[in-house]
Structures are given as structure tokens and as C-alpha cells.
2 protein chains.
Amino acid sequence: MDLTSRKKRANLRDVARKAGVSVATASRVLNMPTAVSAKTRDRVQSAIDELRFVPSAAARAINSGRTRVIGALVPTLDNAIFARFLDAIENEMAQHALSVVVATTNNDPEIEVEKARNLLDIGAEGLIVSGVAHSPAFEALVQKTRIPVIATSCYEPAYALPTVGYDNRAAAQMALRHLVDLKHRRIAVLHGPAFNNDRTRARLAGLQALDLDVQLDLYEADITIAGACQAVAKILESGARHSALLCLSDVLAMGALFELQRSGLSVPDEVSVMGLEDLPSSSYTAPALTSVRLQVSEMGSRAAKALASWIETAEPPEPVLLAAELIPRQSTKAVEPA
Amino acid sequence: MDLTSRKKRANLRDVARKAGVSVATASRVLNMPTAVSAKTRDRVQSAIDELRFVPSAAARAINSGRTRVIGALVPTLDNAIFARFLDAIENEMAQHALSVVVATTNNDPEIEVEKARNLLDIGAEGLIVSGVAHSPAFEALVQKTRIPVIATSCYEPAYALPTVGYDNRAAAQMALRHLVDLKHRRIAVLHGPAFNNDRTRARLAGLQALDLDVQLDLYEADITIAGACQAVAKILESGARHSALLCLSDVLAMGALFELQRSGLSVPDEVSVMGLEDLPSSSYTAPALTSVRLQVSEMGSRAAKALASWIETAEPPEPVLLAAELIPRQSTKAVEPA
DNA sequence: TTGACTCTTGTAACTAGTTACATGCAATAA
DNA sequence: TTATTGCATGTAACTAGTTACAAGAGTCAA
């Protein structure tokens, strides 16, 4: 606590003055220490310590033209899938010495533009977003500023931005085929909100496109354990009978599993339950959840790598298609011949 | 694509030149548009549009002395509790027009300092960290730079930094008392890694301090569904018998529930399972999980509010104690008199 | 002794904005 | 007609660093 109670942080000029050198020399101590004699270096270092000097990030950024910050726009973090995704992004970006600012959009395109604008405002050098359905304002913003943006969670080579993701249609079809192969013919499909969500719509479109000889009943639910439980409870109440429940997200599948157990229905003996995504916990539920594995963490690091390379090389990266894989476990089984 | 292929982004000087005004006027169009005549404003705006001018965040920051960025250091995002926590922080900070940079520490104090240093480097105006156990280097960094830091997940009025959290000792004791009240006398305690984790240690200390006439067997597991399943499988294999399983985290409790079901043990008839935290999904498991509610989202927004106020007013906030509450559900029941 | 060279340091011009102050002009009041 | 006032705008000095270039000192060889 010094009596002068200097209101402001010390800057390089203060350090230089105290050390009796020029700002240039003080700057060199920070950036090319070997170019300064040991004596001078020590004096400057002492001044830095005494004045508690911390270099200004903004001033550095203004010179380098780089902030080393990127933005990740995710629908929510209150869902294991996006949390895992962000975790992977953060880890990979740390490798490239880039920091990640999070912004949640709640799946609202208006909030998305607003937060994207804010990210640009604080100097983000690139963005990672979910899906390819964005507001015109968002697309205009991206085009106007020419900021590197990677769209994730889907693979769309034709889209204006590079995508890193999987084929949602095919993944959903893979799940449905598995159930159909197991002779299921009346299947309840539990999906997340389709509004403003191209991934959900792609998955549903995939199911419809297969055109197999099965009855598919669609039910929408919030992608939370609670949402799934409520939806399943409603389905059961309605008296509709299905031999299998296809959940277009593992979170929904887990909630469905709980609700079915609570209502005394045995999985898979009475109802098969199938997920999509394959979260790490899905192999540990009782019974373990059959699912289609989408590599969410891999997607996060690939998206991060792609964005980092775009920023470094100024060359937009190629789209990345991640494979989906059927992971059969105990929650599905063949329908017994009556 | 213009032929000159200007390598660099346009700056305010370019805009001013193109519009035939001074930089000051151009700057006014951005910051106090009413102080500029409509004619001039239009001309400047056209220049801005034509040159695709985007103001430099760094230059703005260098003048205001503010970056409007704060850092959140969390152990991992691959755990619902921290993801929810971060979600709440982000939402609250958006309210204060502050952006949140995430950094995961993996519970490693060395990584924590390194990432904290990086956050300061990019100009974070404040930090939110978990717990009060940090490396000396971290504490030195905080003291040297005098950056506002809020410590969360615990309530320690005596700690050097303001804390926002709950009384972990008391919360664990509340859980244990519930089981003891239900006549459980042989209890397995499943806890996360105690190394480098003061919250876990506080919870364990709380249990030990109660000194009730019960046998407590401690088992450590990774705080994941998988970790809990493996630990419970080992306990069962070992032949040790307990009438109740006290999990010091709901994630562990959920995994335990799965593993017990898989091994055919009925919850709560044969084993009671008790959690701690009360995640939103905990009320939906089958059976629903008895837990002690810690208000994680509330903690996130309170911590964010506290940090924002510290940054705005330069006054460190008061510590915040969040209440814990017993939430009895179906996963625990009284031991039958033999 | 002089030229060539390296090493260290300083001067000053950058980076991209904001803003205090000055100035010019027009409209209104005395 | 002159003084007052307000608005619009420009000049230039800030913010906090980096860095190209110049210059001085010291070492070494011819």
C-alpha cells in the first residue's frame, strides 16, 4: 500500500523511467531478453517487480493485430453433449495458444447473432457454431466481416462455411435399421425440438426417407432427462403401444430408460430403447444403452484444429466427415415371435 | 475482390479519408452519432460499409482500459456440475456485458497457474476459480497483479479471496445424518479424488467429525458414471456388505445406482443410495435419488454477480453462503428391523 | 591507426482508436 | 449591427505497447 496510492497500473514507460532506460529497452527485456545486457535486464526486472507491472494485453494486441481469442457459440452447456464438445475445443485450442470465449444461444438465432456480434466486438479471431441454420443477420455478419467460422454437428460440403460433423440423416437411419433388423415394426421416435434445429430435422428426415414398412410415431421433448421422462410418461398414458423407443439423443434415451423402469416396464424385454450419440455414460446404464456413436469430443478437437489452421494460414479448411458407428448393447433385443 | 487486394483490414483513418472527414468525426459516428450531422453521418456510414470496417477491439480496449473479459477456471466440463455452473456464469455475465473465457484445469494446480497466467495475458479483468486450494504460484500471481478473483464451491469467510459456495462439511453431515436416522450403521462412502481437492476433503472431514456410532468405509472413484460403476463393482466383489451407499457427488450416485441394478441388488430395498448435489436429473432416476441440494446454478450466478460488482466498484464483495437442503426421495429407506 | 564488426541502447515512428480543446459558421438576441 | 450562443468539425495529444533504424562503445584484425 503506497502512500501515493497511484490510481493506475504501471505501464512500460513507468518501468523504463524507474530503471533509467528507454521504453524500447524495457520492451526488449520482455520480448527478446538476450538482446539486453544482464545488468540492464536486472535493473528493468527489478522495476517491473517493484511496480507490479503487468503488460497490457490490448496494447500487445494492437501491435500484433491478434487477440488469440476465439468464440464458441453453443446452444447450452446444460447438456452433456455440448459440454463435452466445448471441453474438447478448449483442450485443443490451448494447444494452439488460443483462448475460448463461450456464448450460449439457447438455440435462438437472434441471441446467436447478438452474441456473435459481441464476440467480434471483443476481438474474436474466429467462431465455432452449431449447425447450418442461422439467421440472415448472422450470415450477413459473417460475410461482411469475413471472420473464419466453422459450422459443426453436421457435414454439409455444399454449405458456405466449412462443416465439421457427421451425417445426421445416415446416423438416424443406422439406428432405425438396427431396430427394424430386430423385427420392431411399431416404433416411437423421441426427438428434440425441431424448430430452429437442422440436426434434429436432418435426423427425422433420414428416418422418413428410409421408407421401411414400419410405423413411426413421433414425439417431441426437451433434450433433458426431465423432458424425456415427461414425454415417455405421456406416451404410456396415451395407451399407445410400441415395441421399441428410438431416441434421437442419448440424453433422451437415458430419461426414457428411467421412466420405463419407474412404470415397471422391462427394458429390453418389453420395450427396446435405442439412443443416438453414445455418451460415455451410455455404456454404464442398466441395461447398457444401444446407440449410434457420434464422436463428439473428436468433433470438438477437429473443429478447433480446423479453425486454428484457418486463422494461421488464412486458408479455409476442408469439411470433415466423422464416421457414425452402431454400438449394440443390452437395451435393444429382437421382438419375440408372437 | 478488389484488384488492389488490400492486405490489411481498413481502419478508422481509411474510413475518414474515404468519407472526407477527420478521424475524430469518424469516431463520433461510432460513439456519439447524434453529435454528427445527418449528411456527414451518412457519408461516413457508407465508407464504413464499403471498406467493411470493423472497429478494433484492442484499440478500443487500450483507451477504455477495459477488455470486458473474465476468466472461469473449472476442473473440467465433462461433469454436469461444472457445465451447469459455467452455464450460469455465462448467463449472468452476459447481463453485465462481460464475456467469459473458459479454461479447464483438470484439478491440477500447475495447469491452473499456467491457464490463469494466460487469462491475465489476454486481459481478463477477473477470475472465478473452484475451491481454496491453489498452488503458491497461483496465490502469488493473484497477489502480485491484484486481479479480482472469486473462489467458489465452498464458503470460507477467513480465506484471502471472497468465497461463494456452501458448507461442504455440513452438507456431507446432513447426508450422513439422514442415513443414520434411517438406522443405517454400515455405510460405504464413495467420494471423488481427495488429492488437490479441498471440497472433497471438507466433505470427508465433515463425516469423520460427526463421530456417530456407524462404520464408514471410504472408497475413492473418478467423478464419472464409469468411475462410480467400477468402484461399486469392486466393493461388491470384495464381499463387503453395507446397507447404504453414501456418494459425495450425484454423478457418483447415478453410476452406483446403475451398477447396483446391473448386479441385481434392489435400491432401496437391499441398499440405500444417497447422493450429494442434487442435479436436475437426480429426481428422475429410477428410483429417484435422495440427495442434499447444493445450488450450483445459483452459485454460478452469485459468483458472477460478485465478480462483476468487484470489477465495477473496485470493492471486493462479501462471501456468500448458499444453503444446502435435504431432498428425500425413493433411493433411501430405513433398515428393516432384522 | 584505422576500418570492420558486434553489442547495446536510444530515438521516433509506427499500431488503432478516443477525446479535450479549439475553431468556424450560422442562427438568434440585444 | 454587434454580441451571444450552439452546433459541427478538425487538430493533436493522449492510451500502451512494438520495432525499424541510427548511433555509440568496445573488440579485433590488417
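Numbered from 1 within each chain, the chains take letters A, B, ... in sequence-line order. Values below: every heavy atom of this structure, side chains too, minus hydrogens, waters and symmetry copies.
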**Report entry** Toward the 5' end of DNA chain C, by each residue's nearest nucleotide, Val21(A) or Asn31(B)
**Finding:** Val21(A)

Query - 5'-most by nearest nucleotide on DNA chain C - Asn11(B) or Val23(A) - result: Val23(A)

Whole angstroms only, please: what is the [atom1]-[atom2] distance between [X] and [N]?
X        : N       : atom1 : atom2 : result
Met32(B) : dT19(C) : CE    : P     : 8 Å
Asp42(B) : dT9(D)  : CG    : P     : 11 Å
Leu30(B) : dT19(C) : CG    : P     : 12 Å
Arg60(B) : dT15(C) : CZ    : P     : 19 Å
Lys39(B) : dA26(C) : NZ    : C1'   : 13 Å
Arg41(A) : dC7(C)  : CZ    : P     : 14 Å

**Report entry** Pair Thr76(B), Asn106(B): side-chain N/O donor-acceptor within cut-off below 3.5 Å
**Finding:** no

Requested in this report: Only counting residues at least two apart or in another chain, list the ones meeting side chain to side chain donor-acceptor pair (under 3.5 Å) with Glu90(B).
Outcome: Thr104(A), Lys115(A)

Under 4.0 Å between a side-chain N/O of [X] and OP1 or OP2 of [N], yes or no?
X        : N       : result
Asn63(A) : dT15(C) : no
Ser37(A) : dC7(C)  : no
Thr25(B) : dA8(D)  : no
Arg28(A) : dT9(C)  : no

Ignoring the backbone of [X], work out which of [options] is nearest its side chain.
X        : options                   : value
Pro55(B) : dG17(D), dG10(C), dG17(C) : dG17(C)
Arg13(A) : dA13(C), dT8(C), dG17(C)  : dA13(C)
Leu12(A) : dG17(D), dT11(C), dT18(C) : dG17(D)
Ser22(A) : dG10(C), dT9(D), dG17(C)  : dG10(C)
Ser56(B) : dG17(C), dT9(C), dT11(C)  : dG17(C)
Ile62(A) : dT9(C), dT15(C), dG17(C)  : dT15(C)

Report summary line: Test side chain to side chain contact (heavy atoms under 4.5 Å, CB included), reference Leu73(A), set Leu127(A), Ile111(A), Val113(A), output is Leu127(A)

**Report entry** With Tyr166(A) via ring-ring contact (aromatic ring centres under 6.0 Å, His included) - residues at least two apart
**Finding:** none

Query raised in the report: Is the closest basic N to carboxylate O distance between Arg17(B) and Asp14(B) below 4.0 Å?
Result: yes

**Report entry** Salt bridge flag under 4.0 Å for residues Arg66(A) and Glu125(A)
**Finding:** yes

Query raised in the report: So what does Ser64(A) hit on the nucleic acid, given a heavy-atom distance under 4.0 Å: a base, only sugar-phosphate, or nothing?
Result: nothing

Query raised in the report: Contact class for Ser27(A) (heavy atom, under 4.0 Å): base, sugar-phosphate, or nothing?
Result: base

Report summary line: Between its two end axes (five pairs each) the helix from dT1(C)-dA30(D) to dA30(C)-dT1(D) turns, nearest 10 degrees, through 60°

Report task. Would you check if Val54(A) and Arg146(B) make a side-chain contact, meaning some heavy-atom pair closer than 4.5 Å? Result -> no

Report task. Indicate yes or no: at least one non-hydrogen side-chain atom of Val36(A) is less than 4.5 angstrom from one of Val44(A). Result -> no

